[in-house]
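Residue numbering restarts at 1 for every chain, and letters A, B, ... go by the order of the sequence lines.
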Amino acid sequence: MTQRPDGREEGGFSRRTLLKGAGATAAAGALGGAVEALAQDAGPGLPANASGIAGPGPVPMTLRVNGGERKLDVEPRRTLLDALRGDLDLTGAKRVCDRGTCGACTIWLDGEPVYACMVLAIEAVGSEITTIEGLGTPDAPHPVQTAFRKYDALQCGFCTPGFVMSCAWATKTHGAELDDAGVRASTCGNLCRCGTYPHVIAATLEAAASEEGK
Amino acid sequence: MPRKVTYTVGQAGGPTREISVNVHDLDVDPWGVDAKLRVVGTEVPRLDAAVKASGRAKYTYDMNRPGMAYSRLLRCFHAHAVVTSVDTSAAAKMPGVLGVTTLLDVGGRITFAGKGVVAVCAETEEQLDDALHAIEVAYDVRPGAVTTDDGRAEGAERVDERRDNAVVGRRGRQERGDPDAALAAAAAQVSATFRTQVQTHSALETHGCVVEPTGDGEYTVWASTQGTGSFRGTMARALGIGADKVRVITEHMGGGFGAKLGGVDEWDRAAAFFARDLGRPVKAMLDRRAEHLVAGNRPDSIQEMTLAANAEGEITALVGTTHGTAGNGGGGAGAANTRIYRIPNLRMTQTTVSTFAGRARAFRAPGHPQGIFALDGSVDALAEKMQIDPLAFRLKNDPHPLRQVQWRVGAERIEWERLRREYPGDGTVKRGVGCAAAIWFQRGRGNYVVNLQVARDGSVIVSNAVQDIGTGTRTVLAMLVAEELGLTPERITVRIGDTNFPAGPGSGGSTTAPSIGPAAREAGYHARLALAALLAESWECEPDKIDWSGTTFSGPGGKNSTFDEACKLIGPEGLAVSGQRRPNYKQGFSGETAGCQFAEVEVDTETGVIRVLRIVAVHDAGRIVDPLTARSQVVGGVIQGVSYALHEDRRMDRNLGDMVNPTLDTYRILGIADCPKIDCLLTSIDSGFNNAGMMGLGEPVTVPTAGAVANAVSHALGVRMTELPITPARVLAALGGAR
Ligand code: FES
Ligand code: FES
């Protein structure tokens, strides 16, 4: 399991656990039930074998994203981040470090923040995925997004979707109890190079204090 | 016909100066220090905040084009090697592979880890990975120094076979007065060697582009660049076509800090060739390791400094020798800025040492953070030796009228006198306070044109090719136009980051806002004149009988009109005007922007761990158009400076010549948990160099931070810290050495 610096765990399986496996079989073993749903076709030229191994070619799968179902064909080794960005054109989550350090790819999996670069798309089958696009829109923003604008908690904005997802989780979880240390703990897995941290803290505290932010 | 305008510039309620400028007949009058402004100077949320915070902003990295293929380079991670064989045959036959091109043939020489050897293009990123793994390249690996000390050592292998590694650059020698006599006559002098590390820009969006052939031999290119114009020019040259055939788009950009100036790179060219040959869009973004290795850095430095003063506490001489490596490139030696303090006698020599490592690139105030670390460290050491308060010593030696104000403002905010008295305190956890100076020069440049369109419904579009790299350029342009038209900035649609619009400045040297802002103001003013002309026609009076209150037009007989009412007079085709920036005014308030920062730190003398508690940053940048986004710039510069002072360090393996920490978990940048409290005090002035009185802000704000932090740590410990980053190990070593 991958632990975030604040002690929370990411998803049920980590990408690293899978990569440690000796190949598709080990991966399929680790995936257990999730694979059954995917076993119809393991990819061009590689029909699924009796044990239901998916891949190594693209496999069809259905992801539940922002309340809707999205069908896609991707290789089992494709990360959820790359599938969201490349296959579903949900490019709010960013690829920055691609190894679970920077938090720019933060999304919610079943309501909990995870690094989408550390989850395989195939692992997310059956989970409820919320991306920044599902949180709010420019016209109907989430309170955290409104506060980010007000406090200028963004410069280049490349880290911003990840921060917003972490901060919105913090306001949802802690409501008005959230304090300075709580915001820092909830976002210490997010990096910003432009230097927006103080404004992120101010914005998130205001959103948490607001009625809707709870 | 030029007109002469005489007006007052400088700081409201502070130092001012009267100047006269000649402006063109139809040009807007400069504002001056007393201008009563409605929009400029108020806090306006950045216009693209909502689209960025909702994840809708499309960066280059986010472009998914129909039929898009992916390209990447196979890189050599030896510092110095010669290619002895390349076999791409297996890769070329792999599924999904669309193209393989060898960039270096057998015999090709590699002089830094990360050099591209083979370019590959494939349908998917996974297929691209597989193909890159299937390429076999063999090298004859040679010795090659990767550090400044090794590069300048006797008998070191040469990076460029035709010349020595150590070279004094064109502007590498500075001399004035008689430094030797001044040193001999000095009442006190201090000598120390300061060392700084290599820092990488580490922008979150890596370098790269998407190149799309659009038919007829033309291309649209989305690029993560700080200069849409230079990217277009260099891309066109790479493709061997005219610049008119290339359109570059940079609507949003994920950070650059200097590393994304100067046009296309090796990987961009490879993507363009694949796109041309395949007739399909091709995307090429660097991965994080390549970004660290090949996309630029701030050079390291070894600065041997001697600073001397007379018995009155006046600095009399500075003698300095600095070395630094810019890898394969030039401009390696950061050096103390010699224009901050009055230094009558001076000798400085700067030597760039070539090494077998990736080239440096401009990085937020090139040369300055490292130079100020050494200069203000020496100033503190000399003050201490002479038993003068370091701030009093600076006030005595700093001739800049505005910085004189700023030192006092900052000292009051941080409670300098009390903290100097009470710190470092007893116990094992010590505290300290220190300060350092900032300077910058940019008044903006160029004769850029901003286009402005107004429709009958009152909608306004402002356009220019300039890119917003996160500094808030888009918002500043809207504010300047809104000021002239009596509107709110949200009413203005700003279309930028596209070379289909009039050329704009590259974002380097903190020049963007003062280079393009005055043109936007001018465009807004011209739109107002055009509306006044329409009103004059309708009101049957001369245009010069129409007045403007800042929000409404008025004419003879008590007639008046808002902007929106006046727009109804516009024909169905709309109204278009432009505004052009004029050359900088000659006089101005001061050619240098000033600033200073104070740091308060806590150091655990048992573990060596440093916590920066607080930074007080006092800066001027001419007229502050949007204090909200300006403060973000300051806070950002401070955070990068603290990060540089305490954490960042590109570590090279001296034997293998590769970077040991080319990831974001091993190359540490400051995180939110360690972020200090930052007080930002902006002293807005009218600079008197352009119609809006603007100057640049991005760079000076990171100049003094590391120096101030180092001085604060030295105060806490009673030992001078002379090497960055100030890690716990260095703290403990310094304490051990002092015992
Ligand atoms: S891209 Fe996923 S944590 Fe950095
Ligand atoms: S705003 Fe640029 S990285 Fe955070």
Do you know which of [options] has the most heavy-atom pairs under 4.5 Å to chain B?
| options | answer |
| --- | --- |
| A:Tyr151, A:Phe148, A:Phe163, A:Tyr197 | A:Tyr197 |
| A:Ala93, A:Ala104, A:Gly136 | A:Gly136 |
| A:Val96, A:Asp82, A:Thr160 | A:Val96 |
| A:Asp152, A:Leu90, A:Val200 | A:Asp152 |
| A:Arg184, A:Gln155, A:Arg193, A:His199 | A:Arg193 |

Check whether [X] gets within reach of chain B through its side chain, its backbone, both or neither, counting any heavy atom under 4.5 Å.
| X | value |
| --- | --- |
| A:Gln145 | both |
| A:Lys94 | side chain |
| A:Cys194 | both |
| A:Leu191 | both |

Any idea which of [options] has the most non-hydrogen atom pairs under 4.5 angstrom with chain A?
| options | result |
| --- | --- |
| B:Pro95, B:Ala50, B:Cys675 | B:Cys675 |
| B:Thr663, B:Val51, B:Ile469 | B:Thr663 |
| B:Thr124, B:Asn64, B:Thr629 | B:Asn64 |
| B:Arg56, B:Met285, B:Arg288 | B:Arg56 |
| B:Gln633, B:Glu126, B:Glu205 | B:Glu126 |
| B:Gly636, B:Ala673, B:Ala57 | B:Gly636 |

With a 4.5 angstrom heavy-atom cut-off, could you sort out which part of [X] is near chain A: side chain, backbone, both or neither?
| X | value |
| --- | --- |
| B:Ser202 | both |
| B:Lys58 | side chain |
| B:Thr471 | neither |
| B:Ile678 | side chain |
| B:Tyr59 | side chain |

Closest contact, heavy atoms only, [X] versus [Y]:
| X | Y | value |
| --- | --- | --- |
| A:Ala124 | A:Leu109 | CB-CD1, 4.1 Å |
| B:Lys260 | B:Gly256 | CD-CA, 4.1 Å |
| A:Asp87 | A:Arg78 | OD2-NE, 2.7 Å |
| A:Val144 | A:Ala168 | CG2-CA, 3.9 Å |
| B:Pro45 | B:Thr475 | O-CG2, 3.9 Å |

Does [X] use its side chain to pair, donor to acceptor, with the backbone of [Y] at less than 3.5 Å?
| X | Y | result |
| --- | --- | --- |
| B:Tyr70 | B:Leu128 | no |
| B:Arg298 | B:His201 | no |
| B:His647 | B:Gly671 | no |
| B:Arg65 | B:Pro281 | no |

For this session: State whether a side-chain donor-acceptor pair under 3.5 Å links B:Thr225 with B:Gln467.
Result: no

For this session: Identify whether NZ of Lys or CZ of Arg in A:Lys172 sits under 6.0 Å from the centre of the six-membered ring of A:Trp108 and within 45° of that ring's axis.
Result: yes

For this session: Kindly state each residue pair satisfying salt bridge (Lys or Arg N to Asp or Glu O under 4.0 Å) with at least one member in residues 56-69 of chain A, sequence neighbours excluded.
Result: A:Arg64-A:Glu69, A:Arg64-A:Glu128

